[in-house]
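Shown next, in structure tokens, is the structure this report addresses.
Order of the sequence lines fixes the chain letters, A, B, ..., with proteins taken first and strands second; residue numbering starts at 1 for each chain.
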Amino acid sequence: MMIHNPEIASLFNRYAILLDIDRANSFRVRAYRNAARTIENLPRDVGEMLAAGEDLSELPGIGKDLAHKIAAIVETGHFAELDDIEHRIPAALADLADVPGLGPKRVKQLYESLKIKSLADLAQAARAGKLRTLGGFGPKLEQTILKAAESRVGGEQRIRLAAAEQIAEPLVAYLKALRGVSKVIVAGSYRRRRETVGDLDILATAPTGAKAIDAFVRYDEVGSVLSRGTTRATVKLKSGLQVDLRVVKEESYGAALVYFTGSKAHNIALRLKGIKRRLKINEYGVFRKERWIAGRSEKEVYAEIGLPCIEPELRENNGEIEAAQSGTLPRLVTLEKIRGDLHTHTDASDGSGSIEDMARAAVARGYEYLAISDHAKHVGITHGLDARRLARQIAQIDRRNAGHRDLLLLKSAEVDILPDGKLSLDNAVLADLDLVIAAVHTGFTLNSETQTDRLIRAMDNPYVNIIAHPTGRLIGEREAYAVDMARLMQAAKERGVHLEVNGQPSRLDLSDTHCRMAKAMGLKLALATDAHNPESLGYMRYALDQARRGWIEAKDVLNTRRWPQLKKLLRR
DNA sequence: GCCGTTTTCGGCCCGACTGTTTTCAGTCG
């Protein structure tokens with residue numbers, strides 16, 4: 001049984017926590033965390049990379065030692081050093097470090113002086129008033145810990161980006177309306193457009209923080225105030241989402257925005273570059289000795305370390321700093337470049353708008369074309385179109401195209417890939433379409449080899465143009481089906497098939513890392529919404545978010561082309 | 001444990017807030 005990247009990352013993270021509790025060198029601890037992060041964000045399984053003879057020590061944050069350890073884990077399924085340390089100190093201590101207010105030092109202290117090694121032990125000792133007897137602990141900390149231990153909170157809950165927007169937008173409007181507050185912006189992973197966010201990091205500018213902080217903690221949706229000072233406060237909303245507000249003066253806006261946007265790894269890398277130039281970078285600005293020299297805008301901050309401003313979506317310390325250095329940053333694709341949507345549904349299948357409704361919405365967005373790609377009939381999909389109904393729809397589209405010059409409707413269909421790789425419509429029918437989209441909607445549990453074979457067989461059909469939502473994942477609901485993405489992409493490239501970046505907030509499929517992988521392999525992507533109603537054409541920006549995080553430029557995208565050029569790219 | 005246009009050894013981001021303390025350690029982001 002193959003061990004996958006998330007499990008390896010989790011082993012390293014667990015090891016890092018235990019090392020930390022065991023008072024190991026903190027930089028060694030950090031090395032394991034960095035390596036875990038690198039592995040988490042890889043588009044391909046390290047097992048596959050090893051099998052292909054690739055050298056893992058070329059990955060950032062992974063040296064000879066960790067490369068060997070990863071190879072051993074892949075081979076044996078075990079991380080021997082983790083087993084060793086778990087013989088010395090109880091493995092459950094790692095869970096204690098998740099309790100808010102407890103870090104490695106206090107966990108170790110609790111274990112050594114009170115023999116506490118589980119959440120149950122912790123709650124019991126806190127209830128008995130034993131914690132306050134320890135040096136550094138007091139009644140307040142004991143209460144906080146007891147509450148946390150009893151409710152088993154901790155372990156961050158991430159929510160989808162689109163859900164976070166629903167919460168963030170009214171809060172930002174509330175803060176913007178405050179007297180004295182000028183700029184308000186949501187930074188953090190929200191601004192980097194990650195597919196999920198764990199909390200909201202809001203930055204505001206004002207001459208002093210006090211009033212803004214006061215108003216912030218009084219916001220209607222605030223459930224509890226976790227901390228508050230003169231420049232920052234942390235609250236938990238009734239929805240459960242944690243929100244940080246940081247208030248700085250106008251001249252620190254750029255530096256604070258860099259600091260608060262992160263990622264942490266990106267910031268650390270920037271500050272290291274600063275140190276080499278004898279500069280100190282913090283959220284207030286860039287300093288030479290004690291003297292403030294920059295910080296009004298992000299551009300200023302980057303300029304002081306000799307870099308052009310880097311787009312937030314790229315700030316993950318995944319090579320963007322080196323690219324900025326060498327002048328090879330991508331010019332990320334923007335919404336203005338998108339000329340049409342390549343995957344939409346109407347009320348002919350499971351959508352709720354008519355063809356005309358969808359067409360008008362597309363015109364309103366300034367699109368030049370719109371693919372009408374209703375589901376083809378297949379067991380399990382209700383209202384799917386059979387050959388007869390599809391023929392009628394084609395005639396309807398032809399009539400509209402003949403009578404209107406505002407928009408070109410593309411005749412399309414979303415065809416099921418059957419378990420054996422065949423399609424749910426005959427080639428005779430597919431031949432009448434401008435664009436054939438194929439997708440997996442059943443059989444998610446096949447093993448990787450079978451699933452990959454199945455998809456490649458579908459691509460062997462010469463009418464297939466695009467594979468929709470290529471991994472089938474639903475964020476927070478369903479894992480991606482097992483598939484060898486490197487082999488899938490290679491096969492797509494060889495056959496002139498394109499992969500979709502699906503903008504449905506629950507899908508975002510391909511993911512950012514897969515977008516980047518596709519680009520590296522020279523594939524072109526279809527950015528599409530899979531809209532089931534006219535409003536959902538707006539999901540295009542979520543597809544763009546993923547693509548931009550994956551370093552995708554306009555030239556890497558099919559639907560930045562005018563129809564004649566796009567048509568050529570679709571030809572197989 | 002990683003890394004290198006100062007380095008293969010000696011560095012490794014930086015500050016706010018809390019609760020505990022009488023000046024600071026631990027945690028968090």
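Within residues 293-314 of chain A, no residue approaches DNA chain B, by heavy-atom distance under 4.0 Å. Across residues 104-118 of chain A, A/Pro104, A/Lys105, A/Arg106 each have a non-hydrogen atom less than 4.0 Å from an atom of DNA chain B (numbered order). Taking a 4.0 Å limit (strictly below) on heavy-atom distances, residues 236-245 of chain A reaches DNA chain B at A/Gln242, A/Asp244.
For the salt bridge (Lys or Arg N to Asp or Glu O under 4.0 Å) test, residues two or more places apart in sequence or in another chain that qualify with A/Glu54 are A/Arg44. Every side-chain hydrogen bond (donor to acceptor under 3.5 Å, both in side chains) that A/Glu311 has, sequence neighbours left out, goes to A/Arg548. Contacts of A/Arg30 classified as side-chain contact (heavy atoms from CB on, under 4.5 Å), with partners at least two apart in sequence or in another chain: A/Phe27, A/Asn34. With sequence neighbours excluded, the residues that form a salt bridge (Lys or Arg N to Asp or Glu O under 4.0 Å) with A/Asp556 are A/Lys519. Remark: A/Asp509 pairs with A/His469, A/Pro470, A/Thr471, A/Arg473, A/Arg507 by the side-chain contact (heavy atoms from CB on, under 4.5 Å) rule, at least two apart or across chains. For A/Arg218, there are no salt bridge (Lys or Arg N to Asp or Glu O under 4.0 Å) partners at least two apart in sequence or on another chain. A search for side-chain contact (heavy atoms from CB on, under 4.5 Å) contacts involving A/Asn317 returns A/Arg37, A/Ala265, A/Ala269, A/Glu320, A/Ile321, not counting sequence neighbours.
Checking A/Tyr15 against A/Lys69 by side-chain atom types alone, no donor-acceptor pair falls below 3.5 Å. No hydrogens or angles considered: nothing links the side chains of A/Ser506 and A/Glu477 as a donor-acceptor pair under 3.5 Å.
A/Leu131 places its CG atom 15 Å from the P atom of B/dG19, with the value rounded to the nearest Å. One interatomic measurement links the two molecules: CZ of A/Phe260 to P of B/dC28, which rounds to 16 Å at whole-angstrom precision. Distance, A/Leu56 CG to B/dG1 P: 16 Å, rounded to whole Å.
The side chain of A/Glu283 has B/dA16 as its nearest neighbour among B/dA16, B/dG29, B/dT18. Nearest nucleotide to the side chain of A/Pro139, out of B/dG1, B/dT6, B/dT20: B/dT20.
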List, with names and distances, any nitrogen or oxygen atoms from the protein found under 3.5 Å away from nitrogen or oxygen atoms belonging to nucleotides 11-13 of chain B.
residue: B/dC13; atom: OP1; partner: A/Arg30; partner atom: NH1; Å: 3.1
residue: B/dC13; atom: OP1; partner: A/Arg30; partner atom: NH2; Å: 2.9
residue: B/dC13; atom: OP2; partner: A/Arg30; partner atom: NH1; Å: 2.8
residue: B/dC13; atom: O2; partner: A/Arg271; partner atom: NH1; Å: 2.2

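The side chain to side chain donor-acceptor pair (under 3.5 Å) analysis of residues 206-215 of chain A, with sequence neighbours excluded, yields the pairs A/Asp214-A/Arg228.
A/Arg232 comes within contact range of the sugar-phosphate backbone alone, with a heavy-atom separation under 4.0 Å but no base atom that close. Counting non-hydrogen atoms under 4.0 angstrom, A/Tyr284 reaches the backbone sugars and phosphates but no base. Among the atoms of the strands shown, none is found under 4.0 Å from any heavy atom of A/Thr144. Across all strands, A/Gly135 comes closer than 4.0 Å to no nucleic acid atom at all (heavy-atom distances).
The same atom, C1', is picked in B/dC13 and in B/dC28; the two are 14 Å apart, to the nearest Å. Across B/dT21 and B/dA25, the matching P atoms stand 13 Å from one another, rounded to whole Å. To the nearest whole angstrom, the two P atoms, one in B/dG11 and one in B/dT7, are 14 Å apart. With C1' as the reference atom, B/dG10 and B/dT20 are 35 Å apart, rounded to whole Å. Taking the C1' atom of each, B/dT23 and B/dT18 are spaced 15 Å apart, rounded to whole Å.
When both pairing distances are held under 3.5 Å, B/dC12 makes a Watson-Crick or G-U pair with B/dG1.
Checking each of A/Lys264, A/His266, A/Arg549 against A/Glu316 for a side-chain hydrogen bond (donor to acceptor under 3.5 Å, both in side chains) leaves exactly one that passes, namely A/Arg549.
More than 12 heavy atoms of other residues, nucleotides or ligands lie within 6.0 Å of CD in A/Glu7, so this atom counts as buried by the packing criterion. Other residues, nucleotides and ligands contribute more than 12 heavy atoms inside 6.0 Å of the NZ atom of A/Lys238.
Residue A/Thr231 places at least one side-chain N or O under 4.0 Å from the OP1 or OP2 atom of B/dC17.
Distance alone, capped at 3.5 Å, is enough to place a donor-acceptor pair between the A/Asn267 side chain and the A/Tyr259 backbone.
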